[in-house]
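The figures here come from the full heavy-atom set of this structure, side chains too, leaving out hydrogens, waters and symmetry mates. Naming: A, B, ... by sequence-line order, numbering from 1 per chain.
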Amino acid sequence: MIYLDHPATSWPKPPEVIRAIVEFLEVNGGNPGRSGHSLSVAAGRIVYETREAIARFFNAPDPLRVILTHNATHALNIALQGILKPGDVVVTTSIEHNSVMRPLRTLEKRGVDLRIVPCDATGTIDTESYCCALNLKPRLVVITHASNVVGRIMPIDRLAGLAHEVGALVLVDAAQTCGVVPIDVQTMGIDLLAFTGHKGLQGPPGTGGLVIGRGVASEDIEPFICGGTGSNSAVEEQPLMLPDKLEGGTLNGPGIAGLGAAVKWIEERGLETVKAHHDELISQLVSGLADTPGVTIYGPQPGESRVPLVSFTIEGKTVSDVGLRLDRDFGILCRVGLHCAPAAHRTLGTFSEGTIRFGVGPMTTRNEVEQALSAVARIARE
Amino acid sequence: MSDYGVVLFHTTSEAFAAEKALRKAELECRLIPTPRHLSSDCGVAAEVNWDHIDTVRNILETAGIDAEGIYKL
């Protein structure tokens, strides 16, 4: 089996990640920091160590400003629904995932003024339109670090700098870049970073988080989930301190243990080493596809920088048929269709058919990429 | 026998941050259920040696941890 669906979720997970999850359940299974007994303290310690690992990995100012969530969507919703109020202007791009678009469309119905900056068919943002939108003095700018369909890496530091000039906060959706591209929230000017644990970071599903920079006060974010935190137990109102304010309810202890192990796994290998491996394989994949008659590649072309994914179509073939054949006849697993990102596909001109998407991960080999290219060539010839 | 002190926190995360900072400085620190007569707030508190309480205060301050209260047991 050749697994090329890493942009959906990475697989297989490093053994260290699986061991950490099992160990949490078998050995340290208390409710993290709730009860004060030895198992609760042991579990709480593991959660805190994951906060520290995340803070270190993204250069966050403080582990207590790492909010642990179920996924990137949850983190994006905490930020979007927590900050934006009726009358506020919010700026985003035309290649966002539904994890951004759906909360924004919901907020638009409640009176938030949504401005969508167009990107061209290669996924490049129109800077002039972006600056025009910024003239409206948005409260928040929300941008994907790299689209899950296009794969182009957005110039976050430049876009954040422009947003800060008009006093906007910058929220970045790092679902496709965390664990893949170096992210330093402080030097890149990211006020809020939403990340997922189960893609590039190699952690388990059900994990992710929101890193909150110093430029955002706890009072700026109204929680949409309230509940028990193990703190301020005598009070029926949600506590105001971070991370508790935004973490109502029992945390996903086993998942967080796995996430901590995953971050350490990447740190031990070195993000640069992981990235070099991805870059080599994706470049082999993109060049091979570009040389295959009948194949059209979307987004960055061979030689351009990208995250390790590529969207393409095969002339005269329906993407779902191609996906089924790749799985059934070649054992190649990928994702075809709209990838939960209709806006991005409209931008590329691939709506409503969608594309075939291949993505590589740390365990993918050159030989597997070679086999995938032969399979695509064979399907294209038929 | 030396006396013990208890440090209370606003959030459990701060209790774990404090434990880490104090242990790094090789100071005794044990996380315990918050004694009910002191507070009903955060579920976890830190038990420390009262002889080193000034050092504890300094370390917490340096680490940016705002203790809710420090009590002698």
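Below 4.5 Å, heavy atoms of chain B meet heavy atoms from Met241(A), Leu242(A), Pro243(A), Asp244(A), all part of residues 236-257 of chain A. Identified by a heavy-atom distance below 4.5 Å to chain A, the contributing residues of residues 6-23 of chain B are His10(B), Thr11(B), Thr12(B), Ser13(B), Glu14(B), Phe16(B), Ala17(B), Glu19(B), Lys20(B), Arg23(B), in residue-number order. Scanning residues 49-62 of chain B against chain A with a 4.5 Å non-hydrogen threshold yields no residues. The contact list for residues 190-207 of chain A toward chain B, using heavy atoms and a distance under 4.5 Å, is empty.
For Leu31(B), the parts sitting under 4.5 Å from any heavy atom of chain A are the backbone and the side chain alike. With a 4.5 angstrom heavy-atom cutoff, Arg45(A) touches chain B via backbone and side-chain atoms both.
Considering only heavy-atom pairs separated by less than 4.5 Å from chain B, the leading option among Asp62(A), Val235(A), Thr229(A), Leu64(A) is Leu64(A).
Enclosure of atom CZ in Arg30(B) is not indicated, since only 12 or fewer non-hydrogen atoms of other residues, nucleotides or ligands lie within 6.0 angstrom.
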